[in-house]
Amino acid sequence: MSDLLSETLSGDFESLVFSSCMNQDQTSPLECIANKLEEGQHANLADTTAWFLIIASALVFFMQAGFAMLCAGSVRIKNVGNTMLKNLLDACGAALGFFTIGFAFAFGGQNDSTATTFIGTSNFFMQGVDDLSFWLFQFAFAATSATIVAGTLAERCQMAAYLCYSVILTGFVYPIVAHSIWSNNGFLSASNADPFLGVGMIDFAGGGVVHMTGGATAVFATMILGPRKGRFYDARGNPLPKPKPFPGHSIALQMLGTFILWFGWYGFNPGSALLLSTQHTGGVAAVAAVNTTLSAAGAGVTALFTNLLIEERTTGEAKFDLSTLMNGCLAGLVAITAGCAFLEPWAALIVGIVAGWLFLFTSHLLIRVRIDDAVDAIPVHLAGGSWGVLATGLLASPARMTAALGSAKHVGWFYSLANGSFDASLLGAQVCGIFFVLGWVFFLMFPFFVWLNYMGWFRADSLEELVGLDISYHGGAIGGNDEVKSEYIEAYNKRRGKQQRQPSAEIEMPYPDQYDPHNEAAMEAVQE
């Protein structure tokens, strides 16, 4: 018997297993060998999963480059350096914030208890965190949520304000949302021992947790911050008959950023399958990847041709707008994020088509109500994310839910109706999740932005905004940019020299609501 087993088990690991089992008396040799080999397989699987999770984390983190390129191309050239700095600071701040308290608030102690909690209470400074690949993956998601806000407030937000809200968002606001929806102890979590409405909110890759949180923060921030100078109002604060467009300086950078983001989304969505407890994660990841592709393509084409039709009807001239196509694709990517593993491919295409229409509607609505979003992040992330969460409650397939979650007790409402049932538990959980994210972000961030604005720390000074934040904050090449008028530079240098000569207590800083003849002259030049 021993000779037969030794011939069957060849290799170092197998030989070690054989020797170990031959020297113990508690169980039969065959049972011992089977147990040892099974333990080895589990260890190899864990190692492989960790490697793939690191690769997925790298893809998600690479999306930071996509956001940076998209923002850089969407702003005027006098603000490119400031925008790049903020994007890089997002990554740095998110890493430090998530290391210290963010991860603990989001997932701390989730494996220690089955009780429902509002916030994590352990693993601060990564103490006791064994799965470092999981931490890395979640950090990349947190950094993404913060970066969404940067583009919306571009060209007019102070550096101090940016640092403040970035730390608050990644250190506390986002982690609470992540805890509530993704942690085993979250009250909306599908993995809770007693899930909300029997199913919990399902958000596979962060359509609500990441994108809605970032998008909601962006809309509340820009409501308080106000539009860029000359966008909707003239120098004296009178509404313009028609909003003045501020096109970005490089459509090529915008396109590069869009493709990088689309590429990174294959780590964002399929990569989330690695966190499932099911055995066949490869099939789930493949479905998520296919649905991600179809939704992006459907949304982009829909937005492009719908906008073409609207332009032709209103102006008499058909125009293929590249920016609309790019943002439409991004809206489709955001919209499919929540349900990418739970929808059939045909449903993903429908989600993308609706996302394209929703992007156009929301983008035009913001202009109508004079809310200035420099990169259209609100229509893409808030509108797209909300629709994606809702669509999951409508279109989640029983077969896909079984494959991903191991259960299909409560499915998409349309499937329930098709089976003669009116079960809307999943849809109800999704709607409650949407209201929770919006309410939580409003409860914390809206008063915070009001306070920043009251203190005078939120918006850049009017003249600094006119000369460009690169010059104002980063010592850019003064006079080396044709976009900046000479009178802007002269007024800025004159005031800066005066401030350097006077004691700080005597300096009166002209904030946007104060009248400044230099600013008016510059603004009149902008209106030409």
Side-chain angles (χ1 to χ4, degrees), residues 64 67-72 74-97 142-174 214 217-218 220-229 231 246 248-249 372-375 377 445 448-478 481 483-484 488-489 491-493 495-496 499-500 504 507-514 519:
Q64 296 289 328
F67 282 116
M69 294 300 99
L70 183 63
C71 290
S74 299
V75 302
R76 291 165 290 180
I77 197 168
K78 62 183 180 180
N79 296 301
V80 171
N82 182 262
T83 301
M84 295 295 91
L85 178 65
K86 289 175 180 176
N87 276 270
L88 185 55
L89 279 179
D90 270 331
C92 298
L96 297 177
T144 300
S145 183
T147 304
I148 292 170
V149 189
T152 299
L153 308 183
E155 303 193 307
R156 60 202 189 278
C157 181
Q158 288 193 45
M159 286 300 301
Y162 186 83
L163 292 173
C164 287
Y165 81 70
S166 182
V167 170
I168 293 294
L169 183 64
T170 57
F172 188 69
V173 178
Y174 169 83
T217 303
F220 297 141
T222 193
M223 287 172 62
I224 303 300
L225 185 65
R228 289 168 287 181
K229 292 295 181 184
R231 180 76 167 99
F246 284 170
H249 83 282
D372 186 15
D373 184 349
V375 297
M445 298 308 291
F448 178 70
F449 289 129
V450 170
W451 176 75
L452 280 179
N453 192 57
Y454 173 78
M455 297 298 294
W457 299 340
F458 198 12
R459 182 163 187 136
D461 172 77
S462 298
L463 192 53
E464 292 176 345
E465 181 181 343
L466 290 169
V467 300
L469 300 186
D470 286 1
I471 292 175
S472 304
Y473 289 101
H474 312 299
I478 297 180
N481 185 351
E483 187 178 87
V484 183
Y488 298 16
I489 304 299
Y492 177 75
N493 286 338
R495 195 188 65 186
R496 186 174 62 173
Q499 290 174 354
Q500 291 174 351
S504 59
I507 297 175
E508 182 180 356
M509 296 296 290
Y511 288 103
D513 59 342
Q514 295 178 314
N519 293 353

Open item on the list: Please give me the minimum heavy-atom distance between Val80 and Ala72, naming the atom from each residue.
Closed with: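 Answer, listing the atom of Val80 first, then Ala72: CG2-O, 3.9 Å.
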
Task: For Ile148 against Gly214, the heavy-atom pair lying closest together - done: CG2-C, 3.8 Å

Atom pair [atom1]/[atom2] of [X] and [Y] - distance to nearest 0.5 Å:
{"X": "Thr144", "Y": "Phe67", "atom1": "OG1", "atom2": "CZ", "answer": "5.5 Å"}
{"X": "Asn79", "Y": "Cys71", "atom1": "CG", "atom2": "SG", "answer": "12.0 Å"}
{"X": "Ile471", "Y": "Glu464", "atom1": "CD1", "atom2": "CD", "answer": "11.0 Å"}
{"X": "Leu153", "Y": "Thr217", "atom1": "CG", "atom2": "OG1", "answer": "10.0 Å"}
{"X": "Trp457", "Y": "Leu163", "atom1": "CH2", "atom2": "CG", "answer": "13.0 Å"}
{"X": "Met159", "Y": "Cys164", "atom1": "CE", "atom2": "SG", "answer": "11.0 Å"}

Exercise answer: donor-acceptor pairs, residues 84-96 side-chain atoms, under 3.5 Å, sequence neighbours excluded:
unit_1, atom_1, unit_2, atom_2, d
Lys86, NZ, Asn82, OD1, 3.0
Lys86, NZ, Cys157, O, 3.0
Asn87, ND2, Thr83, O, 2.8
Asp90, OD1, Tyr162, OH, 2.7
Asp90, OD1, Ser166, OG, 3.2
Asp90, OD2, Tyr162, OH, 2.3

Task: Heavy-atom side-chain contact between Arg459 and Glu465 under 4.5 Å - done: yes

TODO: Can you sort out the partners of Phe449 under ring pair (Phe, Tyr, Trp, His ring centres under 6.0 Å), two or more places apart, ordered by chain and number?
DONE: Tyr165, Phe458

Can you give the donor-acceptor pairs under 3.5 Å from side chains of residues 220-228 to other protein atoms, not counting sequence neighbours?
unit_1, atom_1, unit_2, atom_2, d
Thr222, OG1, Arg156, NH2, 3.0
Thr222, OG1, Asp372, O, 2.9
Arg228, NE, Asp372, OD2, 2.8
Arg228, NH1, Glu155, OE1, 2.7
Arg228, NH2, Asp372, OD1, 3.0

- [ ] Report yes or no: does Lys78 contribute a side-chain atom to a donor-acceptor pair with the main-chain N or O of Leu466 at less than 3.5 Å?
- [x]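 Yes, because the side chain of Lys78 sits within donor-acceptor range (under 3.5 Å) of the backbone of Leu466.
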
